[in-house]
Protein chains: 2
Amino acid sequence: MKARRDVFQAIADPTRRAIIGLLAGQTLTLNTVAGNFNISQPAISKHLRILTECGLVTVVKQGRERHCTASLQALQEVIQWAEQYRAFWNSRLDTLEDLLNEAE
Amino acid sequence: MKARRDVFQAIADPTRRAIIGLLAGQTLTLNTVAGNFNISQPAISKHLRILTECGLVTVVKQGRERHCTASLQALQEVIQWAEQYRAFWNSRLDTLEDLLNEAE
DNA sequence: TCTTTAGTAAACCATTTGGTTATATTTTAT
DNA sequence: ATAAAATATAACCAAATGGTTTACTAAAGA
């Protein structure tokens with residue numbers, strides 16, 4: 001009954017978005033991921049935990065290493081959410097104009 | 001030189017996403033927005049400030065009222081970011097399979 | 001077997017977040 | 001002129017966040 005991590009919250013952090021960018025297309029060891037940032041390895045561990053908790057990253061244990069792979073289909077939720085508003089922002093300039101007229 | 005609010009962080013909060021949903025297609029008073037939630041008016045004020053700081057909402061002062069309109073084209077940034085990874089998640093099942101084979 | 005190496009876990013810390021209540025401030029209505 | 005309404009501002013608070021360091025555990029090499 002665990003409230004599974006929210007993907008919106010997961011991608012809110014720039015470091016986590018960078019990790020996603022790094023893992024897109026390639027599987028990397030946790031340590032290798034950490035090597036790309038100026039923060040400590042435990043900090044990266046935490047970020048990766050959050051990313052796995054919402055399904056954005058899959059970690060496979062292999063010997064003493066953790067192989068991290070991006071599972072980015074979880075991003076579909078984000079796209080779907082944002083996409084539903086496309087109709088609105090297409091008419092945005094008009095709306096703003098109306099608004100300013102209304103306000104005089 | 002203000003670091004303009006991050007839209008990713010803005011949409012991380014569920015209440016703010018709900019406000020966006022509420023304002024999509026209709027301009028509402030701050031108070032009317034607040035009426036749709038169980039939290040105090042100052043709390044809504046803060047959320048709206050964050051939403052305006054990243055351009056997702058425009059507030060027009062009209063007398064003593066604030067008319068809030070969604071400017072959702074700012075969501076394009078989110079879609080664009082996520083969309084760039086579509087190619088990766090399409091091949092996801094294979095990748096995961098490879099991964100498991102590799103791991104035996 | 002002994003020592004690296006890879007990663008986790010725990011304890012801690014400062015800052016941010018999301019909320020509160022209470023008190024202004026500014027329009028509008030009476 | 002006064003009262004009510006719409007919002008802002010301030011002071012405050014608990015919990016979450018993003019980071020640290022310091023062990024600890026487990027696998028791999030020498």
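All chains are named by letter (A, B, ...) in the order of the sequence lines, taking the proteins before the strands, and each is independently numbered beginning at 1.
Gln84(A) places a side-chain N or O within donor-acceptor distance of the main-chain N or O of Trp81(A), the cut-off being under 3.5 Å. Side-chain N or O atoms of Arg86(B) include none that pairs as donor or acceptor with a backbone N or O of Leu75(A) at under 3.5 Å. In this structure a side-chain-to-backbone donor-acceptor pair under 3.5 Å is present from Gln26(B) to Leu22(B). For the pair Arg17(A) (side chain) and Ile11(A) (backbone), a donor-acceptor distance under 3.5 Å is present.
At whole-Å resolution of the value, NZ in Lys61(A) and C1' in dT25(D) are 10 Å apart. Rounded to whole Å, atom C1' of dA16(D) lies 13 Å from atom CD of Gln9(B). When rounded to the nearest whole Å, the span between CG of Leu48(A) and C1' of dG18(D) equals 14 Å. Protein atom CD of Glu53(B) is 14 Å distant from nucleotide atom C1' of dT16(C), rounded to whole Å. Summarising the geometry, the separation between CD1 on Ile50(B) and P on dA8(D) is reported as 14 Å, rounded to the nearest angstrom. The CD1 atom of Ile39(B) sits 11 Å away from the C1' atom of dT20(C) (whole-angstrom rounding). What separates CZ of Phe8(B) from P of dT17(C) is a distance of 16 Å, to the nearest Å. For the pair Leu51(B) CG and dT17(C) P, the interatomic distance rounds to 13 Å; values are reported in whole Å.
Minimum atom distance to the side chain of Gln41(A) is reached by dG7(C), of the listed dG18(C), dT17(D), dG7(C). The Glu65(B) side chain lies nearest to dA6(D) when the options are dA6(D), dT20(C), dG7(C). Taking only side-chain atoms of Asn31(A), from C-beta outward, the nucleotide of dT21(C), dT17(C), dA6(C) with the closest atom is dA6(C). The side chain of Lys46(A) lies closest to dG19(D), out of dT21(C), dG19(D), dT17(C). When distances are taken from the side chain of Arg5(B) to each of dT21(C), dT17(C), dG7(C), the shortest belongs to dT17(C). Listed candidates were dA8(D), dG18(D), dG18(C). Nearest to the side chain of Asp13(B) is dG18(C). Relative to the side chain of Leu30(B), the nucleotides dT20(C), dT20(D), dA8(D) differ in distance, and dA8(D) lies closest. Comparing dT17(C), dT8(C), dG18(D) against the side chain of Pro42(A) picks out dT8(C) as the nearest.
In this structure, Ser45(B) reaches the sugar-phosphate backbone alone: every heavy-atom distance under 4.0 Å involves primed, P, OP1 or OP2 atoms, never a base.
In this model, no side-chain donor or acceptor of Arg64(B) finds a partner on the base of dT26(C) within 3.5 Å.
For Arg49(A), no side-chain nitrogen or oxygen approaches OP1 or OP2 of dT8(C) to under 4.0 Å. Of the side-chain N and O atoms in His47(A), one or more sit less than 4.0 angstrom from OP1 or OP2 of dG19(D).
Distance CG/Asn36(A) to CG/Asn31(A): 11.0 Å, rounded to 0.5 Å.
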